[in-house]
Amino acid sequence: MSQHTPGPWVADDSNVLVGRHVLAIVNDPDQPSHLTEVSKANARLMAAAPELLQAAKNFLAYASTLLDETDADVKALRAAIAKAQGNAE
């Protein structure tokens with residue numbers, strides 16, 4: 001499994017950029033040929049993905065010392081991290 005493109009990722013309207021390079025062009029599935037608030041929001045969420053993944057990993061390391069591994073939130077966080085890293089079941 002390969003690693004994701006290092007950040008920072010930045011949302012510029014409906015594009016996700018890494019430096020000057022376009023990483024993704026994000027559309028609104030209901031209006032794919034128009035720039036909408038939904039496409040902008042999707043781009044912002046995608047641009048935050050590297051930081052969100054790292055924050056989830058950091059929190060899981062902390063939470064694992066306090067919570068039982070069978071806790072539903074711990075399981076959900078592990079599943080989300082696995083999905084982001086291509087290890088989803």
Side-chain angles (χ1 to χ4, degrees):
M1 173 189 51
S2 60
Q3 295 291 319
H4 65 78
T5 302
W9 296 5
V10 177
D12 177 19
D13 285 332
S14 65
N15 298 319
V16 179
L17 308 171
V18 177
R20 297 178 302 149
H21 304 283
V22 175
L23 179 68
I25 299 170
V26 184
N27 292 317
D28 177 344
D30 294 326
Q31 298 182 50
S33 62
H34 296 88
L35 178 62
T36 66
E37 292 305 312
V38 170
S39 59
K40 291 178 184 180
N42 290 342
R44 287 191 303 271
L45 179 60
M46 289 178 66
E51 291 92 346
L52 289 169
L53 177 59
Q54 189 58 55
K57 288 178 179 179
N58 293 346
F59 187 77
L60 182 61
Y62 170 73
S64 293
T65 65
L66 303 173
L67 300 173
D68 189 300
E69 287 296 315
T70 62
D71 181 84
D73 291 329
V74 171
K75 285 182 172 182
L77 191 53
R78 282 195 188 286
I81 292 168
K83 181 178 180 180
Q85 295 179 323
N87 300 327
E89 296 178 3

Non-hydrogen atoms of Ala47 and Val16 that approach each other most closely: CA-CG1, 4.1 Å
Beyond-backbone contact of Ile81 with Leu60, side-chain heavy atoms, under 4.5 angstrom: yes
Contact summary for Val22 and Ile25, nearest pair of heavy atoms: CG1-CG1, 3.8 Å
Leu67 atom CG: more than 12 heavy-atom contacts under 6.0 Å: yes
Side-chain (Asp71) to main-chain (Asp73) donor-acceptor, under 3.5 angstrom: yes
Over 12 foreign heavy atoms within 6.0 Å of NZ, Lys75: no
Side-chain (Asp13) to main-chain (Asn15) donor-acceptor, under 3.5 angstrom: no
Distance (rounded to the nearest 0.5 Å) between Ser39 OG and Arg44 CZ: 9.0 Å
Atom NE2 of His34: over 12 foreign heavy atoms under 6.0 Å: no
Side-chain touch Lys40/Leu35, heavy atoms, less than 4.5 angstrom: yes
Rounded distance [0.5 Å steps], CG in Asn42 versus OG in Ser14: 9.5 Å
ILVMFWY network linking Leu53 to Leu77, side-chain heavy atoms under 4.5 angstrom: yes
Any donor-acceptor pair under 3.5 Å from Thr65 side chain to Tyr62 backbone: yes
Check: Leu23 and Met46 side chains under 4.5 Å, non-hydrogen atoms: no
